[in-house]
Every structure is written in C-alpha cells, then in structure tokens.
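To find a chain, count down the sequence lines: A is the first, B the second, and so on, and within it residues start at 1.
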There are 2 protein chains.
Amino acid sequence: MNIGDVARQSGLPPKTIRYYEDIGLIRPQRSENGYRSFRESDLHKLAFLGRARALGFTIEDCRTLMALYEDDHRESAQVKAVAEEHLRQIDEKIAQLQSMRATLDTLIHACAGDHRPDCPILQDLARSDANQA
Amino acid sequence: MNIGDVARQSGLPPKTIRYYEDIGLIRPQRSENGYRSFRESDLHKLAFLGRARALGFTIEDCRTLMALYEDDHRESAQVKAVAEEHLRQIDEKIAQLQSMRATLDTLIHACAGDHRPDCPILQDLARSDANQA
DNA sequence: ATAGGGCTTCCAGTCACTGGAGGGTCAAGG
DNA sequence: CCTTGACCCTCCAGTGACTGGAAGCCCTAT
C-alpha cells in the first residue's frame, strides 16, 4: 500500500503519517522507487495512533501505549495508570475552561452589545485591582 | 519602572513582557542605559493583556480588544462579538474534552488495572473497525 | 510527448511563550 | 577600587503536533 491508501483507510493525512515515521512511531518499508510501502501491521498501528490521539493522548503517551500493546508481559495496571493520568489532565483542562466560560458568559450578558461605547467586558479587563481571575 | 517591577505588579514574566513588545502590543520607552522604562499606562495595558489572556483570548483577540478599548468611537457590539465568538470556541473545546472524558472514563472503569496483560483500553485502541470516535 | 496525479524531501510557519548563552549596568560592601 | 549579586539586554533555539509549500521524481493514460 502507498501512503495515499493508508491515509484514506486510517483517516490520517499523508503529512501526519510521514511525520509519525519521522519521529519513529512507524517504520514502513520502501519500494524500489523510493515510495513508502505499508503493510497491514502499519495500517493497524496508524489506526491505533489515530484513536489514541482522538482521545487526546500525547504523542509520548501514544508511544508508551503502543509499546505496552506490543508487550506480552505488560500489566493492565500500567495502561490504566497512563489513562488515569491523562483523565486527570483532561479534567483539569475542563475545569479551567469552565471557569473562563463562566466569567465570559457573565460579562457577555452584562454587555448591551449596541452602538454605544460603554462595555462591561472592557471595563472588567481594564479594572485596576490585581485579581487575575 | 524597570521590567522586574512591572513583572511583579502585572503578574507576567519578564520574558512575556519582552515578547509583547516584540509583537507590538506595548511600546515602552527606553532609559539611557538601554533598559525598558515602563509608564503607568504600560502597566495598565499589561494588566489588561494578562486578564484577557487569562480568559483565554488569543493574542490577536487581545490586540483587537485593546484597540477597541482605546477607541472612543467603539460600539460595545464589536466587543461583544469578539467575546461571543470566543465563548463559542470555548464551548466547542469543552464539548470535545467531555466527549473524550466520557470514553476514557468508561475504558478506565472497564480495566482491571492489575498484573494481567488483558486490557480493554488497549483492545479499544486496537479495534479494527474504522470508527475514530 | 505530455498531462495528471501521486510520491519524495526539505524548509518554514503555526501559537504563545520559555530557556539559555553571552554580555552590559548598577548599588552595596570590603 | 574591586567584586559580588541582582538586575537588565539581545539573540537563538526549542516546545507539540502538525501543516503548507516548493522543487522535483514516478507512473499511467492519452
């Protein structure tokens, strides 16, 4: 399979697939003409990577998860630990975003949004106390 | 005021302040020794920027918001539009994260997390259907 | 022979900083 | 007067995970 085929089948752009080879996540063979030649196992790995990335795992997490996947002597606790740490980080980010969202929503509702210059949003951003939240 | 003073007062690292000058968000004067010399108005702007960034606005949004802040003929509708667009993006991101979170949480709960290799998390990542969600 | 599509590599850019090297400035203490 | 330490300066490179584009080769069909 050429890169275009695996791109279609894995849903990943060719650029991304080349990048994954660059950073050593996959090692496709080469045809005589220099084209990358992907086996089923490469496609499988790319699909794995695509799904792990879709769950928000970092590339380094993906590397770890793939290594665990290919390690017959893994313990599921190792996988779970990676996933739990990631979940914690997601929760943190969600909390951050929700806090921003709450402030922003309040400000937006306080703003008339008309032709006049008076604006509570700008007033809040420009307020002179030191509170960064 | 030197950069250290404004850093302490604004809560922004000196590096960030220099960066903001680089990209034209502020224009502090210079002392004879070459040091940046910040006026109250610079400090005010930096505080404004810090708060806008804390609400998740991009640098380009900050630029727009600062311009509006300094424009006596602004209409609050312009500010509100920027804020509303940003809110939409935050909501999108929250939704994405919550969807990841849900999947991840399910997988984590399905995983024993013991010394055995069997792991529903890896099984899911390696499943052979094309569903990327 | 040429046109098109696909493939290759390499370089640069994204976003918003952050770290570090290498060096100048200033006030205080010995 | 010298040194120490805390400042400050610029410039370059790196972060994460790609993405865009240029320049050029390969392959098939007309």
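Between A/R127 and A/D124, at least one side-chain nitrogen of the basic residue sits less than 4.0 Å from a carboxylate oxygen of the acidic one, meeting the salt-bridge criterion. A salt bridge links B/R39 and B/D42; the closest N-O separation between the charged side-chain nitrogens and carboxylate oxygens is under 4.0 Å. Ionic pairing of A/D5 and A/R8 is present here: one or more N-O contacts between side-chain nitrogen and carboxylate oxygen are shorter than 4.0 angstrom.
At the heavy-atom level, A/I3 lies under 4.0 Å from the strands shown only through sugar-phosphate atoms. Across all strands shown, B/R53 has heavy atoms under 4.0 Å from sugar-phosphate atoms exclusively, and none from any base. Residue-level contact check: B/P13 touches the backbone only, with heavy atoms under 4.0 Å from sugar-phosphate atoms and none from bases. No contact: A/F57 has no heavy atom under 4.0 Å from any strand.
A/E92 and A/Q96 share no side-chain donor-acceptor pair at under 3.5 Å.
B/Y35 is linked by a ring-ring contact (aromatic ring centres under 6.0 Å, His included) to nothing, counting only residues two or more places apart in sequence or in another chain.
Between the CG atom of A/L68 and the NZ atom of A/K80 there is a distance of 15.0 Å, given to the nearest 0.5 Å.
Sequence order on DNA chain D of the closest nucleotides to B/D5 and B/K15 puts B/D5 first from the 5' end. Nearer to the 5' terminus of DNA chain C, by closest-nucleotide assignment, is the contact made by A/R36 (compared with the other of B/E60 and A/R36).
Here the shortest heavy-atom pairing between B/V6 and B/I3 reads CG2-O, 3.1 Å.
Using a 4.0 Å cutoff to heavy atoms of chain A, the contacted part of DNA chain C runs 5' to 3' from C/dG6 to C/dC10. With a cutoff of under 4.0 Å to any heavy atom of chain B, the contacted region of DNA chain D is bounded 5' to 3' by D/dC7 to D/dC11.
The one candidate from A/R36, A/K45, A/K15 that meets the salt bridge (Lys or Arg N to Asp or Glu O under 4.0 Å) condition with A/E21 is A/R36.
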